[in-house]
Amino acid sequence: MKKIYRQFLAATVAFGAIAPVATASDVPFQAEAREILSDSIAIRTVMGYGNVPKFAHYLEDKFLAAGFAREDVTLIPVGETMAMLVRFKGDGRSGKAPIVLSAHLDVVEAIPEDWERDPYTLIEEDGFLFGRGVSDNKFGVAMLATTFLRLKAEGFVPSRDLVIAFSGDEETSMASTWCWRNVWRRKLSPNLLS
(Lines give C-alpha, C1' and ligand atoms only; values in the text may rest on other atoms or scores of the structure.)
Protein backbone atom coordinates (compact mmCIF):
# COMPACT_ATOMS: atom_id res chain seq x y z
CA MET A 1 0.00 0.00 0.00
CA LYS A 2 2.94 2.32 0.58
CA LYS A 3 3.74 2.11 -3.12
CA ILE A 4 0.37 3.57 -4.11
CA TYR A 5 0.78 6.47 -1.70
CA ARG A 6 4.24 7.19 -3.09
CA GLN A 7 2.82 7.12 -6.63
CA PHE A 8 0.01 9.55 -5.77
CA LEU A 9 2.48 11.86 -4.00
CA ALA A 10 4.89 11.74 -6.92
CA ALA A 11 2.09 12.58 -9.36
CA THR A 12 0.77 15.48 -7.34
CA VAL A 13 4.16 17.15 -7.11
CA ALA A 14 5.20 16.35 -10.68
CA PHE A 15 5.20 20.03 -11.69
CA GLY A 16 5.91 21.61 -8.31
CA ALA A 17 9.09 23.18 -6.98
CA ILE A 18 9.42 20.41 -4.40
CA ALA A 19 9.27 17.65 -7.00
CA PRO A 20 11.79 14.88 -6.40
CA VAL A 21 14.61 14.34 -8.86
CA ALA A 22 13.12 12.51 -11.83
CA THR A 23 14.22 8.98 -12.56
CA ALA A 24 14.21 7.51 -16.04
CA SER A 25 10.84 5.83 -15.32
CA ASP A 26 9.31 9.16 -14.19
CA VAL A 27 10.06 11.11 -17.36
CA PRO A 28 7.43 9.59 -19.70
CA PHE A 29 4.71 10.08 -17.10
CA GLN A 30 5.72 13.66 -16.39
CA ALA A 31 5.47 14.31 -20.13
CA GLU A 32 2.09 12.53 -20.21
CA ALA A 33 0.79 14.65 -17.32
CA ARG A 34 2.00 17.80 -19.03
CA GLU A 35 0.36 16.77 -22.32
CA ILE A 36 -2.96 15.96 -20.63
CA LEU A 37 -2.90 19.28 -18.79
CA SER A 38 -2.03 21.24 -21.93
CA ASP A 39 -4.67 19.49 -24.03
CA SER A 40 -7.30 19.94 -21.32
CA ILE A 41 -6.62 23.68 -20.98
CA ALA A 42 -7.18 24.00 -24.75
CA ILE A 43 -10.64 22.41 -24.47
CA ARG A 44 -13.02 25.19 -23.38
CA THR A 45 -15.12 23.19 -20.90
CA VAL A 46 -17.32 26.12 -19.96
CA MET A 47 -21.09 25.84 -19.67
CA GLY A 48 -22.76 26.67 -22.97
CA TYR A 49 -19.98 25.35 -25.23
CA GLY A 50 -20.77 21.63 -24.93
CA ASN A 51 -17.09 20.66 -24.72
CA VAL A 52 -17.09 18.59 -21.53
CA PRO A 53 -18.00 15.44 -23.54
CA LYS A 54 -15.05 16.16 -25.87
CA PHE A 55 -12.72 16.25 -22.85
CA ALA A 56 -14.29 13.11 -21.37
CA HIS A 57 -13.85 11.22 -24.67
CA TYR A 58 -10.23 12.43 -24.83
CA LEU A 59 -9.61 10.93 -21.37
CA GLU A 60 -11.57 7.79 -22.27
CA ASP A 61 -9.18 7.23 -25.20
CA LYS A 62 -6.20 7.55 -22.85
CA PHE A 63 -7.58 5.02 -20.36
CA LEU A 64 -8.60 2.50 -23.02
CA ALA A 65 -5.23 2.79 -24.77
CA ALA A 66 -3.53 2.13 -21.41
CA GLY A 67 -5.37 -1.17 -21.02
CA PHE A 68 -8.37 -0.30 -18.89
CA ALA A 69 -11.30 -2.54 -19.81
CA ARG A 70 -14.21 -0.96 -21.68
CA GLU A 71 -16.58 -1.83 -18.81
CA ASP A 72 -14.33 0.03 -16.36
CA VAL A 73 -14.55 3.36 -18.22
CA THR A 74 -18.07 4.73 -18.03
CA LEU A 75 -19.28 7.95 -19.68
CA ILE A 76 -22.57 9.37 -18.43
CA PRO A 77 -24.19 12.04 -20.65
CA VAL A 78 -26.09 14.71 -18.72
CA GLY A 79 -27.57 17.34 -21.02
CA GLU A 80 -24.69 19.21 -22.65
CA THR A 81 -22.20 17.89 -20.11
CA MET A 82 -20.93 14.49 -19.04
CA ALA A 83 -19.71 12.61 -15.99
CA MET A 84 -17.12 9.86 -16.09
CA LEU A 85 -16.19 6.91 -13.89
CA VAL A 86 -12.91 5.04 -14.22
CA ARG A 87 -12.48 1.91 -12.14
CA PHE A 88 -9.02 0.49 -11.44
CA LYS A 89 -9.94 -3.03 -10.40
CA GLY A 90 -8.39 -4.34 -7.25
CA ASP A 91 -7.96 -7.97 -6.30
CA GLY A 92 -10.13 -7.62 -3.16
CA ARG A 93 -7.50 -8.88 -0.74
CA SER A 94 -8.06 -5.95 1.63
CA GLY A 95 -11.77 -6.68 1.95
CA LYS A 96 -12.34 -2.93 2.07
CA ALA A 97 -14.66 -0.63 0.17
CA PRO A 98 -13.34 1.14 -2.95
CA ILE A 99 -11.55 4.46 -2.70
CA VAL A 100 -13.27 7.14 -4.79
CA LEU A 101 -11.21 10.10 -6.03
CA SER A 102 -13.18 12.98 -7.48
CA ALA A 103 -12.45 15.99 -9.66
CA HIS A 104 -14.33 18.06 -12.21
CA LEU A 105 -13.83 18.55 -15.94
CA ASP A 106 -15.52 21.94 -16.29
CA VAL A 107 -14.18 25.43 -15.64
CA VAL A 108 -15.57 28.93 -15.16
CA GLU A 109 -15.61 31.14 -18.26
CA ALA A 110 -12.49 33.14 -19.04
CA ILE A 111 -12.84 36.11 -21.37
CA PRO A 112 -9.56 36.25 -23.29
CA GLU A 113 -9.56 40.07 -23.41
CA ASP A 114 -9.49 40.12 -19.59
CA TRP A 115 -6.36 37.96 -19.43
CA GLU A 116 -2.71 38.88 -19.91
CA ARG A 117 -2.16 35.51 -21.60
CA ASP A 118 -4.43 33.29 -23.70
CA PRO A 119 -6.50 31.48 -21.03
CA TYR A 120 -6.98 28.44 -23.28
CA THR A 121 -3.29 27.81 -23.93
CA LEU A 122 -1.06 26.33 -21.24
CA ILE A 123 1.81 28.76 -20.72
CA GLU A 124 4.80 28.31 -18.42
CA GLU A 125 6.67 31.38 -17.22
CA ASP A 126 9.35 31.43 -14.53
CA GLY A 127 8.27 28.01 -13.30
CA PHE A 128 4.59 28.95 -13.02
CA LEU A 129 1.78 27.52 -15.17
CA PHE A 130 -0.99 29.74 -16.54
CA GLY A 131 -4.27 28.80 -18.19
CA ARG A 132 -7.96 28.48 -17.32
CA GLY A 133 -8.27 25.48 -15.05
CA VAL A 134 -4.64 25.12 -13.98
CA SER A 135 -5.60 25.51 -10.33
CA ASP A 136 -9.30 24.61 -10.59
CA ASN A 137 -9.27 21.79 -11.57
CA LYS A 138 -7.64 20.54 -14.72
CA PHE A 139 -4.31 20.10 -12.95
CA GLY A 140 -6.08 17.73 -10.53
CA VAL A 141 -7.70 15.88 -13.43
CA ALA A 142 -4.33 15.50 -15.18
CA MET A 143 -2.68 14.21 -12.00
CA LEU A 144 -5.41 11.66 -11.26
CA ALA A 145 -5.51 10.42 -14.84
CA THR A 146 -1.72 10.18 -15.14
CA THR A 147 -1.42 8.37 -11.83
CA PHE A 148 -3.91 5.73 -12.96
CA LEU A 149 -2.12 5.43 -16.32
CA ARG A 150 1.24 5.00 -14.62
CA LEU A 151 0.01 2.47 -12.08
CA LYS A 152 -1.58 0.44 -14.88
CA ALA A 153 1.61 0.59 -16.98
CA GLU A 154 3.69 -0.59 -14.02
CA GLY A 155 1.42 -3.58 -13.43
CA PHE A 156 0.19 -2.39 -10.06
CA VAL A 157 -2.82 -4.26 -8.66
CA PRO A 158 -4.57 -2.47 -5.78
CA SER A 159 -5.94 -4.46 -2.86
CA ARG A 160 -9.35 -2.87 -3.48
CA ASP A 161 -10.96 -0.97 -6.33
CA LEU A 162 -9.85 2.60 -6.95
CA VAL A 163 -12.35 4.79 -8.77
CA ILE A 164 -11.99 8.20 -10.38
CA ALA A 165 -15.29 10.07 -10.53
CA PHE A 166 -15.15 13.10 -12.83
CA SER A 167 -18.14 15.42 -12.83
CA GLY A 168 -18.87 17.73 -15.73
CA ASP A 169 -20.67 20.64 -14.11
CA GLU A 170 -19.20 21.31 -10.68
CA GLU A 171 -19.03 25.00 -11.53
CA THR A 172 -22.78 25.16 -12.25
CA SER A 173 -25.60 22.75 -11.35
CA MET A 174 -23.66 19.63 -10.24
CA ALA A 175 -26.30 17.45 -11.90
CA SER A 176 -23.61 15.15 -13.32
CA THR A 177 -22.35 14.47 -9.79
CA TRP A 178 -25.69 12.96 -8.87
CA CYS A 179 -25.69 10.97 -12.10
CA TRP A 180 -22.29 9.36 -11.51
CA ARG A 181 -23.29 8.62 -7.93
CA ASN A 182 -26.41 6.80 -9.13
CA VAL A 183 -24.51 4.89 -11.83
CA TRP A 184 -21.89 3.97 -9.24
CA ARG A 185 -24.61 2.66 -6.99
CA ARG A 186 -26.27 0.53 -9.69
CA LYS A 187 -23.32 -0.62 -11.76
CA LEU A 188 -20.20 -0.72 -9.67
CA SER A 189 -21.03 -0.97 -6.00
CA PRO A 190 -24.74 -1.45 -5.26
CA ASN A 191 -24.31 -2.17 -1.55
CA LEU A 192 -21.79 0.49 -0.57
CA LEU A 193 -23.57 3.83 -1.02
CA SER A 194 -26.92 4.74 0.44
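Bear in mind that the values here come from a model prediction, so they are computed numbers and not experimental data. When reading the values below, keep in mind they use all heavy atoms of this one structure, side chains included, and skip hydrogens, waters and symmetry mates.
The CH2 atom of Trp115 sits 10.5 Å away from the OG1 atom of Thr121 when rounded to the nearest 0.5 Å. Note that CG of Asp39 and CD1 of Ile36 are 8.0 Å apart. Values are rounded to the nearest 0.5 Å. Atom CG of Leu151 and atom CG of Leu162 lie 7.5 Å apart (nearest 0.5 Å). If you take CZ on Phe55 and CD1 on Ile43, they are separated by 6.0 Å, rounding to the nearest 0.5 Å. Expressed to the nearest 0.5 Å, how far NE2 of His57 lies from CE of Met84 amounts to 9.0 Å. The structure places CG of Asn51 at 14.0 Å from OH of Tyr58, a figure rounded to the nearest 0.5 Å.
Val107 and Leu105 are assigned to two separate hydrophobic clusters, defined by single-linkage of ILVMFWY side chains at heavy-atom distances under 4.5 Å. Val108 and Leu37 are not part of a single hydrophobic cluster, where members link through side-chain heavy atoms under 4.5 Å apart. Hydrophobic clustering (ILVMFWY, side-chain heavy atoms < 4.5 Å, transitive): Tyr120 and Val134 are in distinct clusters. Cluster membership for Ile76 and Val163, using ILVMFWY side-chain heavy atoms within less than 4.5 angstrom, is shared. Linking Ile, Leu, Val, Met, Phe, Trp and Tyr whenever their side-chain heavy atoms come within less than 4.5 Å puts Leu64 and Leu144 in one cluster.
Here Arg87 does not pair with Glu71 in a salt bridge; the nearest charged N to carboxylate O distance is not below 4.0 Å. Classification of Glu32 and Arg150 as a salt-bridged pair fails, no side-chain N sitting under 4.0 Å from a carboxylate O. Taking a cutoff of 4.0 Å between a charged side-chain nitrogen and a carboxylate oxygen, Glu125 and Arg117 qualify as a salt bridge.
Shortest non-hydrogen contact noted between Arg44 and Pro112 is NH2-CD, 4.0 Å. When all heavy atoms of Phe68 and Val73 are compared, the closest pair comes out as CB-CG2, 4.0 Å. Across every non-hydrogen atom of Ala56 and Leu75, the tightest pair is CB-CD2, 3.9 Å. Scanning all heavy atoms of the two residues, the minimum distance from Lys89 to Asp161 falls at CA-OD1, 3.4 Å.
Using a distance-only test at 3.5 Å, with no hydrogens or angles considered, a donor-acceptor pair links the side chain of Thr81 to the main chain of Gly168. Between the side chain of Ser102 and the backbone N or O of Ala165 there is at least one donor-acceptor pair closer than 3.5 Å. Counting only distance, with no hydrogens or angles, the side chain of Arg132 and the backbone of Glu109 share a donor-acceptor pair below 3.5 Å. Checking side-chain atoms of Asp106 against main-chain N and O of Glu171 turns up a donor-acceptor pair under 3.5 Å. With hydrogens and angles disregarded, no donor-acceptor distance shorter than 3.5 Å links the side chain of Ser176 to the backbone of Ser167. Ser94 places a side-chain N or O within 3.5 Å of a backbone atom of Ser159 that can act as its donor or acceptor partner. The closest donor-acceptor contact from the side chain of Asn137 to the backbone of Ala103 lies at 3.5 Å or more, if one exists at all. Although no hydrogens or angles enter the test, the distance criterion places a donor-acceptor pair under 3.5 Å between the side chain of Lys138 and the main chain of Ser40. The main-chain N or O of Gly48 is found under 3.5 Å from a side-chain atom of Glu80 such that the two form a donor-acceptor pair.
Contact annotation: the side chain of Leu59 approaches that of Val141 to within less than 4.5 Å [non-hydrogen atoms, C-beta and beyond].
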Please assess Arg34 against Glu124 for the test side-chain contact (heavy atoms from CB on, under 4.5 Å), listing each intermediate value before the final yes or no.
CA-CA 11 Å; Arg34 177 66 179 248; Glu124 182 175 358; 2.9 Å; yes

Using side-chain contact (heavy atoms from CB on, under 4.5 Å), reason through Lys62 and Glu35 one step at a time and then give a plain yes or no.
CA-CA 11 Å; Lys62 294 277 188 187; Glu35 176 185 300; 2.6 Å; yes

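Using a 30° and 60° split on the angle between ring planes, Phe148 and Phe63 fall in the perpendicular class, above 60°.
When only modelled atom types and interatomic distance are considered, His104 and Asp169 share no side-chain donor-acceptor pair under 3.5 Å.
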